[in-house]
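First up is the structure itself, then whatever we jot down about it.
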Amino acid sequence: MGTGTRAQRDAMTIEIGYALLSAAVLAGATFAAITAPWLLASPGLDRAALVAGGAPAVVVFVLRVVHVLWGYRGAPGTEPSQPGRTSPDA
């Protein structure tokens, strides 16, 4: 399998799940906020409304996933407790 301990792999799995779930919620909120005026003005969504709401929602989704995973540093205890040290016990 991959390198790293079981705890590190589990932490990464949880972080990926969090990134995807939070990105989906934000993308859905973005889509709803943009398309809500069309729904209030007319009974259905046309193609322009779907594109106008879908494109920013996709961008928000991707940016959120990248932002969360870029900031991920690993499982707790894998980094030095003091800056400049090389071992977690330092």
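- With a 4.5 Å cut-off between side-chain heavy atoms of Ile, Leu, Val, Met, Phe, Trp and Tyr, the cluster of Leu40 takes in none.
- If you chain together ILVMFWY residues whose side-chain heavy atoms come under 4.5 Å of each other, Val25 ends up in a group of its own.
- The side chain to side chain donor-acceptor pair (under 3.5 Å) contacts involving residues 28-51 comprise nothing, where partners must be two or more places apart or lie in separate chains.
- Nearest heavy-atom pair, Pro37 versus Ala33, reported as atom, atom and distance to 0.1 Å: CD-O, 3.6 Å.
- Residues Leu20 and Ile14 fall into different hydrophobic clusters, defined by Ile, Leu, Val, Met, Phe, Trp and Tyr side chains chained together at heavy-atom separations under 4.5 Å.
- Across all non-hydrogen atoms, the minimal contact from Gln8 to Tyr72 is O-OH, 4.0 Å.
- Here Leu21 contributes atom CG and Leu26 contributes atom CG; the two are 9.5 Å apart, rounded to the nearest 0.5 Å.
- Legend: salt bridge (Lys or Arg N to Asp or Glu O under 4.0 Å) pairs involving residues 11-30, not counting sequence neighbours: none detected.
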In residues 49-71, what donor-acceptor pairs under 3.5 Å come from side-chain atoms, sequence neighbours left out?
| from | atom 1 | to | atom 2 | distance (Å) |
| --- | --- | --- | --- | --- |
| Arg64 | NE | Ser22 | OG | 3.1 |
| Arg64 | NH2 | Tyr18 | OH | 2.8 |

